[in-house]
K.L.:
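Once you've had a glance at the structure underneath, I'll fire off some questions.
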Amino acid sequence: MARMDRWMTGFARSLARRTSRRSVLAGIGTALVGGAAVPLLPVARGRAEPAPGDRVTPSGEPDPTTPAGDPQDCGYWRYCAVDGFLSSCCGGSHNACPPGTQMSPITWLGTCRNPADGKEYVISYNDCCGKDVCGSCICRRHEGDKPVYYTPKSNDIDWCMGTREIIYNSTVAVVVGVAREKG
Amino acid sequence: MARMDRWMTGFARSLARRTSRRSVLAGIGTALVGGAAVPLLPVARGRAEPAPGDRVTPSGEPDPTTPAGDPQDCGYWRYCAVDGFLSSCCGGSHNACPPGTQMSPITWLGTCRNPADGKEYVISYNDCCGKDVCGSCICRRHEGDKPVYYTPKSNDIDWCMGTREIIYNSTVAVVVGVAREKG
Amino acid sequence: MSRAGLGLAALALALAAPARGETPEVNYLLQCQGCHLPDGSGKSGAVPDLKDLGRFLAVPGGREYLVRVPGSAQSPLSDADLAALLNWMLRRFGPAAIADTLEPYTPEEITALRRPPLADVAATRARLLARLRAGD
Amino acid sequence: MGRRALAGLLLVGLAAAARADVPVESLGRVETLPLPPGPHWAWVGDPVFRHATLVDLSDGRTLGIVNAGFGMPTVLTPAARPEFYVVETHYSRGSRGERSDVLTIYGGRSLAAEAEVVLPPKRAHAANTAGMLALSDDDRFVAVFNLTPATSLSIVDVEARRFSAEIETPGCSLAYAAGPRRFVSLCMNGALMLVEVDDEGREARKTRSEPFFDPQLDPVTEKAARWEDRWLFASFESWIHPVDLSGAAPRFEERWSLVNDAERVDDWRIGGMQHLAVHEPTGRLYALMHRGGPDTHKQGGTEVWIYDLASRERLQRIELHGLGFSYLGVPLRAEGFTGWLIDKLADWTLGMAPDIAVDAIAVTQDAAPRLVTVGAVSGAVASYDALTGEFLGRAYVGNATNVTLSTPFARTGGWR
Amino acid sequence: MGRRALAGLLLVGLAAAARADVPVESLGRVETLPLPPGPHWAWVGDPVFRHATLVDLSDGRTLGIVNAGFGMPTVLTPAARPEFYVVETHYSRGSRGERSDVLTIYGGRSLAAEAEVVLPPKRAHAANTAGMLALSDDDRFVAVFNLTPATSLSIVDVEARRFSAEIETPGCSLAYAAGPRRFVSLCMNGALMLVEVDDEGREARKTRSEPFFDPQLDPVTEKAARWEDRWLFASFESWIHPVDLSGAAPRFEERWSLVNDAERVDDWRIGGMQHLAVHEPTGRLYALMHRGGPDTHKQGGTEVWIYDLASRERLQRIELHGLGFSYLGVPLRAEGFTGWLIDKLADWTLGMAPDIAVDAIAVTQDAAPRLVTVGAVSGAVASYDALTGEFLGRAYVGNATNVTLSTPFARTGGWR
């Protein structure tokens with residue numbers, strides 16, 4: 001029953017991937033707040049590793065049935081330094097913002113390794129702005145994150161400063177290039 | 001250790017009065033929200049009855065060590081139709097609003113029975129306004145409450161309309177007279 | 001008795017409810033003070049100041065108006081209690097002189113006047129106030 | 001890393017050797033909602049986050065949110081135009097300063113605020129949600145209930161996107177749609193007030209009915225449900241008072257009881273924030289029920305009872321499932337483990353703890369309708385087959401607490 | 001009702017026969033805060049409710065709240081005047097419309113908004129809370145960190161209650177007090193920028209230091225703690241970098257490690273939202289520690305480690321207790337029963353689940369100091385004897401989530 005896919009995510013779907021990389025409490029989330037995600041409950045933050053037999057999609061990404069390839073899962077490979085709510089759970093997708101929000105053009109960029117081809121890609125983390133926090137699919141991974149004074153690599157910052165309102169809703173992770181190394 | 005009185009209210013204090021009128025889940029609360037209290041979790045709402053040997057304070061109220069006489073307890077006799085947060089847990093008292101709020105002069109009035117003398121008193125339920133919800137000591141009792149269209153007896157209404165801001169913080173219960181009957 | 005019959009009987013019973021036996025002071029607390037405030041001053045633009053109450057008795061239709069405003073007419077008070085409350089309010093909030101001249105409301109008068117309540121309060125009130133000004 | 005995982009990596013590595021890179025994507029993309037809308041959409045309002053979330057009950061997906069300011073977030077949906085209306089109260093400094101009451105018009109595809117109409121800053125605020133605002137049957141005017149504590153209606157011309165008039169409703173409160181240009185309010189003495197507006201949204205006629213219930217003895221709640229030209233009001237003591245508004249004057253039909261004598265003795269009673277819903281195509285009434293004594297009219301329900309409105313006979317009782325726990329919108333669960341545990345706990349507490357129960361219900365109007373339940377204790381919604389009562393599942397919609405609930409195409413099935 | 005209860009009623013009835021009625025009370029009373037303030041007051045900020053709650057750690061009592069608008073609610077307290085300062089961001093329509101950034105001055109007794117100073121709408125917003133604003137040591141000027149993403153400081157004259165100037169800090173961010181008229185910012189290359197203002201709050205001097213750490217190799221966090229004229233910065237790898245700001249130029253003292261070699265191997269590490277605190281009278285440093293690998297610098301702590309700053313020796317390790325669960329500020333407990341159960345569960349999960357841990361710590365400055373802990377998962381605070389580490393208890397302060405924390409009289413013990 002494909003249409004029930006997101007129902008009771010804590011149970012049906014998760015069961016299927018329980019052997020994966022996460023702690024027993026990984027499904028428990030974190031929280032919003034006031035436009036910036038803060039730690040609340042344990043969330044997925046481990047690096048997703050492909051399992052034997054993983055297929056690769058035509059676009060060169062891991063199988064969408066694995067966390068590494070599922071844009072509604074914090075384990076999705078592109079989210080390696082996301083600190084916020086996943087736009088894909090909020091009416092948008094991994095690279096498009098939810099209806100009625102604006103994507104902030106100003107943002108920070110990092111790299112994540114695509115497990116399907118082993119390459120490091122340059123990821124642009126753009127915030128979706130102008131509506132309050134989405135509240136769904138909090139995701140807190142901090143690969144390469146730096147403090148606020150190191151602005152171009154800080155995921156704590158509300159990057160909505162490029163839009164009319166600084167109000168934070170959610171975050172996308174857009175592939176904008178291939179990098180040679182982690183950076 | 002008197003100063004620890006309010007600490008771990010769910011444990012130390014409650015244990016002492018566990019034989020009283022509430023359900024086993026009575027300590028679990030309800031919630032705010034957006035300025036109006038809505039059902040959330042079970043809360044005290046039973047009528048407090050005095051236990052044998054209850055003392056009466058000089059002002060003619062029940063012993064403050066009983067819910068019927070404790071202004072920080074939803075079982076306090078005056079709160080028989082409160083739907084909101086108790087000002088006494090928010091920096092105010094049972095008849096004074098927390099610092100920085102304004103007491104709305106416009107409100108609704110009902111009666112509650114004082115178990116110490118068996119009389120019905122006229123209670124003025126005034127909202128404390130101009131600061132966001134306090135969040136402490138939600139109390140939902142509905143003795144004699146009527147729907148919104150029956151305005152003068154409705155505890156669902158945000159009565160802050162008598163102050164500059166309609167923003168709801170908490171509620172007081174002020175004795176303003178003695179009634180002959182419940183009304 | 002049918003269900004509808006039961007309902008109608010209950011309704012009739014309620015409408016003919018006996019006097020509650022509260023004093024006018026307590027009835028003012030329970031039915032009026034919430035909006036009119038302890039001193040009767042009300043809220044400008046929303047709740048009339050009760051010190052103006054007595055003035056309405058001076059114009060034709062004013063005496064009826066005080067009974068037919070929804071706050072009076074729709075109150076759960078018996079006709080006798082409402083009469084007593086109106087008389088008390090006129091003396092308590094009205095000009096001092098009114099105590100000498102007031103012809104008290106009677107329960108029978110309330111019975112005759114309170115149904116149905118006014119639908120256009122503001123227009124009626126404006127008309128009465130205009131008459132008052134014209135009479136000044 | 002285990003040996004098997006290493007082997008997997010190698011396989012992927014080999015497979016990738018011949019591949020092109022993941023293509024570069026464009027920045028700035030923003031989704032829009034599909035047209036036509038889905039039959040199972042529902043708006044779920046969260047007064048803590050001060051927004052309402054649009055969720056598709058077909059698959060549990062969140063489609064987007066609209067912000068709503070201070071108060072209970074309610075969304076109105078016209079059938080005539082792809083739009084949503086939200087009435088909002090704001091202060092210039094959050095909780096203080098200058099007050100603005102506005103009706104905001106959101107695009108039905110863009111979910112962006114397209115226009116706003118400024119209202120008199122008099123809108124009523126209450127924990128209640130039903131009857132606080134209404135859209136006329138011709139989709140032209142919205143009536144907003146004002147309480148200062150003088151009572152009135154603000155009329156907004158949502159077609160012309162401008163404020164029309166304020167109409168006083170002395171002694172009467174709330175607003176329910178009752179015809180193309182008509183609203184009905186409930187009066188303190190148990191009567192109705194019918195307010196008809198002209199083409200400009202100004203008062204055309206205002207009439208008061210006789211009382212149809214006794215507010216002292218057994219008041220009806222504000223949480224009424226529409227059934228064709230009737231409004232169905234439930235009383236504290238679980239009597240349904242149907243009011244036929246097809247004619248010039250309301251016709252008060254014989255009341256009937258949701259509970260039989262045995263159930264009444266057992267203290268079965270209607271309760272909650274929004275406790276009635278109607279599926280118009282089949283003429284079914286859904287009532288949210290619990291066991292509790294007098295003064296429990298705000299207590300949430302543990303069951304939904306279904307009635308055939310034509311025969312007034314009960315068709316079914318559904319035992320409700322718990323909504324699941326969530327903390328600030330995040331489901332409390334551990335993967336593949338406490339999901340089950342928490343579900344059981346939620347179902348258990350639903351039965352044990354009155355205020356954890358379901359607070360509001362709604363039904364979609366399609367041929368395979370969904371019954372949806374929400375509660376203030378959970379950021380989740382639960383969905384049932386409205387014809388069979390079968391529990392279909394839960395979805396976490398990212399809210400802190402779910403209080404208001406509406407199925408946007410309550411009477412029409414979509415935008416015309 | 002049991003026989004005993006009936007007997008009780010009779011007793012009370014008899015006792016009451018000779019009594020006067022409960023006296024009629026006056027309407028309109030509003031409390032004020034006591035003067036002098038208590039030594040154990042703490043501000044606990046909740047970004048969901050958008051307010052900060054003042055709690056007395058002596059007895060767990062809530063004293064009042066201040067609203068704070070969008071963002072992280074932080075309260076500044078001058079020693080010179082009985083006032084509190086809150087920097088707020090608001091939009092005219094809640095989440096959209098015209099932006100207003102203001103510094104609001106609250107009366108220290110009234111907790112009412114006495115005045116506001118309008119700022120350029122450039123204030124930075126981040127999940128971080130330390131360094132976002134600072135009060136100069138003479139209590140005259142507040143610096144607010146701006147990020148557009150150009151970096152600057154807005155200077156407010158809080159004595160005159162007016163905006164003074166905006167000072168650019170290119171390449172450097174945040175603000176920490178460093179003398180009567182001086183602030184210090186952290187630069188992207190690991191250096192400091194010292195910003196001195198004149199009597200009008202305008203830029204007087206701006207100097208850059210040499211780098212004192214390597215932001216690539218082991219960056220220091222923003223979550224620094226003040227110790228007399230020094231600021232103590234902790235690095236991701238748990239090195240303390242003391243910076244002496246008593247002179248015209250900063251003096252960078254030798255770094256020292258919070259963990260020994262064995263603990264480093266065991267992955268003990270500093271983490272959380274606010275992970276350092278100092279008790280100045282005794283020269284003790286408190287650090288919030290957890291076990292976790294690289295990139296866990298935001299993970300909450302399970303222990304607080306106490307050091308003597310003079311000797312740089314560790315005095316004690318405190319195992320922290322869970323904060324207790326609450327839902328939107330309401331403690332999840334059943335009287336006399338699950339209180340214990342939930343406490344145990346909270347303590348267990350604190351150890352098991354990294355993000356349930358304590359996120360911020362603070363210490364009061366009196367002779368019997370309190371260590372207070374908060375976390376985003378709980379509306380409760382926990383308090384410990386800061387000298388012995390003894391757990392004193394929890395208090396539920398009505399918040400949905402507790403993220404920011406400050407002891408108002410951090411360096412002075414009260415208003416002068």
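Just so it is clear, the values below take in all heavy atoms, side chains as well, and ignore hydrogens, waters and symmetry mates.
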K.L.:
Answer with side chain, backbone, both or neither: which region of S88(A) has an atom nearer than 4.5 Å to a non-hydrogen atom of chain D?
P.N.:
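Only the backbone of S88(A) comes within 4.5 Å of chain D.
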K.L.:
Go through the steps to decide whether S124(A) and L27(D) satisfy the test side-chain contact (heavy atoms from CB on, under 4.5 Å), and finish with yes or no.
P.N.:
CA-CA 9 Å; S124(A) 179; L27(D) 290 162; 3.8 Å; yes
K.L.:
Give the member of S110(D), A112(D), G107(D) that has the highest number of heavy-atom pairs under 4.5 Å with chain A.
P.N.:
S110(D)
K.L.:
What part of V174(A) lies closer than 4.5 angstrom to a heavy atom of chain D: side chain, backbone, both or neither?
P.N.:
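Looking at V174(A), backbone and side chain both touch chain D.
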K.L.:
Please look at T53(D) and chain A and tell me whether the side chain, the backbone, both or neither of the residue comes under 4.5 angstrom of a heavy atom of that chain.
P.N.:
neither
K.L.:
Rounded to the nearest 0.5 Å, what separation is found between the OG atom of S59(A) and the CD atom of E25(D)?
P.N.:
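So the OG of S59(A) and the CD of E25(D) are separated by 8.0 Å.
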K.L.:
When heavy-atom pairs shorter than 4.5 Å are enumerated against chain A, which of G398(D), P23(D), G64(D) gives the highest number?
P.N.:
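Ranked by heavy-atom pairs under 4.5 Å with chain A, first place is G398(D).
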K.L.:
Heavy-atom distance under 4.5 Å between the side chains of R78(A) and V22(D), does that happen here?
P.N.:
yes
K.L.:
Measure P105(A) against the heavy atoms of chain D and call it side chain, backbone, both or neither at under 4.5 Å.
P.N.:
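Neither part.
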K.L.:
Any salt bridge linking D132(A) with R50(D)? Criterion: basic side-chain nitrogen under 4.0 Å from a carboxylate oxygen.
P.N.:
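No, D132(A) and R50(D) are not salt-bridged.
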K.L.:
Measure the CZ-OG distance between R61(D) and S136(A) for me, rounded to the nearest 0.5 Å.
P.N.:
10.5 Å
K.L.:
Mind checking the SG-CD spacing from C90(A) to E31(D)? Nearest 0.5 Å is all I need.
P.N.:
12.0 Å
K.L.:
With rounding to the nearest 0.5 angstrom, report the CD1 to CG distance, I65(D) to N169(A).
P.N.:
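Result: 5.0 Å between the selected atoms.
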K.L.:
Select one option (side chain, backbone, both, neither) describing which atoms of L63(D) are under 4.5 Å from chain A's heavy atoms.
P.N.:
backbone
K.L.:
Heavy-atom distance under 4.5 Å to chain A: side chain of V397(D), backbone, both or neither?
P.N.:
backbone
K.L.:
Less than 4.5 Å apart, side chain to side chain, heavy atoms only: is that true for C97(A) and V30(D)?
P.N.:
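A side-chain contact exists here, since the closest heavy-atom pair is under 4.5 Å.
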K.L.:
Begin from the C-alpha positions of V175(A) and D21(D) and carry the test side-chain contact (heavy atoms from CB on, under 4.5 Å) through to its verdict.
P.N.:
CA-CA 10 Å; V175(A) 169; D21(D) 294 340; over 6 Å; no
K.L.:
Using every non-hydrogen atom in the two residues, find where R29(D) and N95(A) come nearest and quote the distance to one decimal.
P.N.:
NH1-OD1, 2.9 Å
